[in-house]
Each structure stands twice: as structure tokens, then as C-alpha cells.
Amino acid sequence: MHQTQLRHILSVDEFSVPWLRALFALARILKEAHAHGVYSDRWALFSQLLQPAQMISFFYEESTRTRLSFEAAMRALGGTVTSTQDASRTSSIVKGESLTDSIRVIGAYGNVTVLRHPTIGAASTAASVSPIPIINAGDGAGEHPTQALLDLFTIWEHLAVDQETALTFVGDLKQGRTVHSLAKLVARLQRTDLSPITQLIFVSPAERALGTELRETLQQSGITIEFSGELNPDIVQRSSVLYMTRTQKEREPSQPAADEIILTPDLARRLASDACILHPLPRNAELPVEVDEFPQARYFEQAQNGLYVRMALLLYILRPELFTTLCRP
Ligand code: NCD
């Protein structure tokens with residue numbers, strides 16, 4: 001089987017500024033090519049690039065966007081996909097097999113494994129034994145680094161980098177892994193051409209507040225941080241990006257339901273015209289469908305960007321030399 005250079009994607013901590021620049025440049029090229037249509041010559045240029053390669057998607061947790069966009073990305077580049085979407089029920093884990101044994105075996109069947117698992121650190125554990133690259137598609141309440149890539153890509157496309165701007169996270173900041181990854185990434189990219197964000201505002205019920213470890217990491221980065229228990233008009237007005245999240249009920253089933261913090265249409269009216277509302281989706285009550293009509297609502301475009309960012313990422317992992325060539329302006 002085609003031997004690939006081993007590069008895992010485990011945490012946003014590994015992403016360098018030049019690498020992100022290259023990835024975003026390629027994602028933008030792919031997005032523009034896609035806009036020309038799937039039968040266009042521009043899109044056809046990419047359609048065979050990963051042709052003999054196989055991606056294994058091994059998902060122990062539910063997923064719609066992450067799994068399907070990774071699979072669509074692989075297929076759009078000519079690669080093939082082997083998929084287990086319900087590994088905690090249908091894979092040999094039910095017979096008592098360990099994650100590491102499964103990962104060792106899977107490595108013989110493909111060229112890259114996309115793994116979603118309910119345990120923090122599972123992707124790193126998998127990477128320590130995997131003969132092929134592991135992409136962390138969410139490890140419990142830990143990280144979701146590829147979601148952070150498409151989140152940041154969406155912000156980067158929409159906001160001018162020469163203004164001071166605030167990113168406000170709303171909802172379950174304790175268990176929401178997309179929040180953890182994006183907050184860390186943005187804090188590290190302050191004052192670079194990749195992120196205009198100079199302030200982070202965290203809005204959550206007390207029992208869903210950001211963990212102390214991440215809070216300290218962010219404080220050390222020097223980014224301005226603010227906390228609030230409510231989403232009030234003043235915060236909405238000051239936010240260039242409003243990042244809504246749902247309560248991760250499945251992670252703490254015994255915890256009584258906290259009051260949802262909702263972005264009502266009345267509140268959304270307070271947003272600046274060039275602000276954007278993001279959500280990793282799926283949404284619950286925190287983001288009413290009426291808000292979809294607002295020009296600032298960008299979450300469906302954000303989800304679509306997942307296709308381009310994941311295509312670029314697969315090209316980087318499976319064909320690093322080609323990735324470098326394709327990113328050159
Ligand atoms: C998120 C996840 O799985 O962490 N979804 C996603 O990947 N887009 C958010 C969530 O489940 O709430």
C-alpha cells in the first residue's frame with residue numbers, strides 16, 4: 001500500500017502560522033473551483049489527486065457534518081472511503097477490543113484514519129500506535145481541531161484583520177470541544193494576518209463555565225478575556241463574531257438542565273452589520289430558526305467550508321509535496 005509520511009492532526013497547538021496560511025490559501029482555491037460547478041475544468045483538476053488512497057472514518061460518536069464532509073472531501077479528490085459510523089455499537093469494541101488494537105489493525109486497510117471518540121486524549125493514544133496518520137475528529141470534551149480550522153477559515157474570510165474585534169462564545173463552554181479548540185487557536189494567532197480577534201468573551205451559565213486549565217492557558221496568551229452569565233445587548237453589540245453552541249447534554253446526563261442562553265431575534269438585531277453568527281451545529285433552542293434570516297448568520301456557509309478545509313487537509317496529509325505546490329500563489 002502507498003506509504004505516506006506520518007503527520008497526525010491531534011490538537012490546534014500543532015498548527016503553525018505559515019501552515020495555516022497555506023491551508024487557507026488552498027481551501028479558498030478549492031472553494032472558488034467548486035463555485036464553478038462540479039463539471040467545470042477547474043474542479044476537475046482536483047478530482048483524481050488522491051485516487052489510490054483510502055480514508056477510514058472510525059466514529060464512536062454521532063456525527064453529521066464532520067464525518068460526511070470528510071468523506072465527501074476524500075471522494076471529491078478521487079480517494080475512497082471505508083466507514084464505521086457507529087463503532088461503539090458495531091465494531092469489535094463490543095467484544096472487548098481496545099482502541100489501540102483496533103487502530104493498529106485499521107492501519108493496514110487505509111492511508112489515513114479519521115477518529116471520533118468519547119474520551120479526552122483518545123486521538124493521541126491512537127496516534128501513538130497507528131501506522132498511518134490519525135486525524136482527531138473530536139475526542140470527548142477535549143478538542144475538535146479540524147472544526148477550529150473551518151471556524152477560523154470562515155472568520156478569516158469575513159473579517160478585516162486590521163480592526164480590533166471580539167469573539168464571543170456562548171453556551172456550554174465546559175464540555176464544548178469546538179470552543180476549546182477555537183479559543184486556543186485564536187488566542188495564539190493574535191496580531192497575525194490570520195485572525196483579527198483581540199478579545200474573547202465567554203458567556204455561559206455558571207455550571208457550564210470554561211474549565212480553569214483552559215482559562216489559565218488563555219490568560220497566559222495575553223488575549224483580553226471577559227466572562228458573563230448572560231448574553232446582554234451590550235455584549236452582542238461589541239461582538240464581531242458570536243459563536244453559539246448547544247448544551248452537551250450527553251456528556252453529563254445526570255446534571256440538571258441549565259437554562260439555555262438564547263440568541264433571540266431581538267438580541268441579534270443588536271449585531272453590527274459586518275458581524276457574523278457562527279455555530280458548529282447541531283443547534284438546539286439556543287439559536288432559533290428566525291435568526292437564519294439575518295445577513296450575519298453564517299453557520300451554513302461555515303459548515304460548507306468544512307468540505308474545502310478538509311479537502312486541503314487530506315491533500316496535506318496524503319500528498320505533502322503536492323500540497324506545497326498547490327498552495328503557491
Ligand atoms: C460539534 C461536535 O461534535 O463537537 N459538532 C460538529 O462537529 N460540527 C458540536 C456539537 O456536537 O455540539
Side-chain angles (χ1 to χ4, degrees), residues 9-12 27 57-74 83-88 114-123 134-155 167 169-185 202-205 208-211 214 241-253 255 257-258 260-263 276-288 291-292 297-311 313-314:
I9 303 291
L10 303 176
S11 159
V12 293
S57 49
F58 204 50
F59 277 58
Y60 286 84
E61 281 187 344
E62 305 75 13
S63 172
T64 298
R65 278 149 290 274
T66 305
R67 189 173 63 81
L68 294 183
S69 65
F70 259 117
E71 295 185 1
M74 188 63 181
S83 185
T84 298
Q85 54 175 310
D86 198 5
S88 56
V114 181
L115 175 72
R116 172 169 284 189
H117 195 279
T119 310
I120 296 178
I134 295 285
I135 299 178
N136 181 3
D139 58 328
E143 278 217 38
H144 195 343
T146 69
Q147 178 72 37
L149 289 175
L150 69 98
D151 295 342
L152 183 67
F153 178 77
T154 310
I155 295 170
L167 161 58
F169 290 102
V170 184
D172 190 348
L173 313 181
K174 181 181 174 196
Q175 302 285 354
R177 57 193 171 197
T178 68
V179 173
H180 303 164
S181 285
L182 184 59
K184 275 205 289 178
L185 187 58
F202 295 98
V203 181
S204 70
R208 300 281 173 179
L210 203 67
L214 180 52
V241 183
L242 207 49
Y243 191 99
M244 301 298 298
T245 65
R246 74 181 172 96
T247 303
Q248 309 276 306
K249 297 187 191 83
E250 70 276 25
R251 305 228 178 273
E252 287 179 293
Q255 174 119 339
E260 302 282 358
I261 298 178
I262 298 174
L263 179 61
C276 60
I277 308 164
L278 301 182
H279 194 307
L281 303 175
R283 68 167 141 192
N284 294 158
E286 71 283 350
L287 184 57
V291 176
D292 298 359
R298 299 284 179 186
Y299 27 93
F300 292 114
E301 181 185 345
Q302 177 190 1
Q304 186 178 342
N305 285 338
L307 176 67
Y308 315 119
V309 168
R310 288 178 173 129
M311 285 174 79
L313 189 66
L314 288 169

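For the single chain, residues carry numbers from 1 onward in sequence order. Atoms within each ligand, like the ligands themselves, are counted from 1 in listed order.
Shown in contact with L281 at under 4.0 Å from a heavy atom are these atoms of ligand 1, numbered in order with element: 1 (C), 5 (N), 6 (C), 8 (N), 9 (C). With ligand atoms numbered from 1 in the order given, ligand 1 contributes 6 (C), 7 (O) to contacts under 4.0 Å with heavy atoms of T66. Within ligand 1, the atoms closer than 4.0 Å to a non-hydrogen atom of T178 are 1 (C), 4 (O), numbered from 1 in the order shown.
Counting heavy atoms only, R177 comes closest to atom 3 (O) of ligand 1 of the residues R177, H144, E250. Compare Q147, R246, H279, Q302 by their heavy atoms: the one nearest to atom 12 (O) of ligand 1 is in R246.
In this structure, R116 is part of the shell of residues with a heavy atom less than 4.0 angstrom from ligand 1. Ligand 1 lies nowhere less than 4.0 angstrom from a heavy atom belonging to E61.
Looking only at atom types and distance, the side chain of Q147 has no donor-acceptor partner in the side chain of T66 under 3.5 Å away.
Note: F202 and F169 have parallel aromatic rings, judged against thresholds of 30 and 60 degrees for the angle between ring planes.
Counted within 6.0 Å of CD on E62, heavy atoms from surrounding residues, nucleotides or ligands total 12 or fewer; the atom is thus considered open.
Shortest contact from atom 8 (N) of ligand 1 to any protein heavy atom: P280 O, 2.9 Å.
The structure places CD of E301 at 9.0 Å from SG of C276, a figure rounded to the nearest 0.5 Å.
Judged by distance alone, the side chain of T146 and the main-chain N or O of A137 form no donor-acceptor pair under 3.5 Å.
When all heavy atoms are compared, the tightest approach of Q175 to H180 is C-CE1, 4.1 Å.
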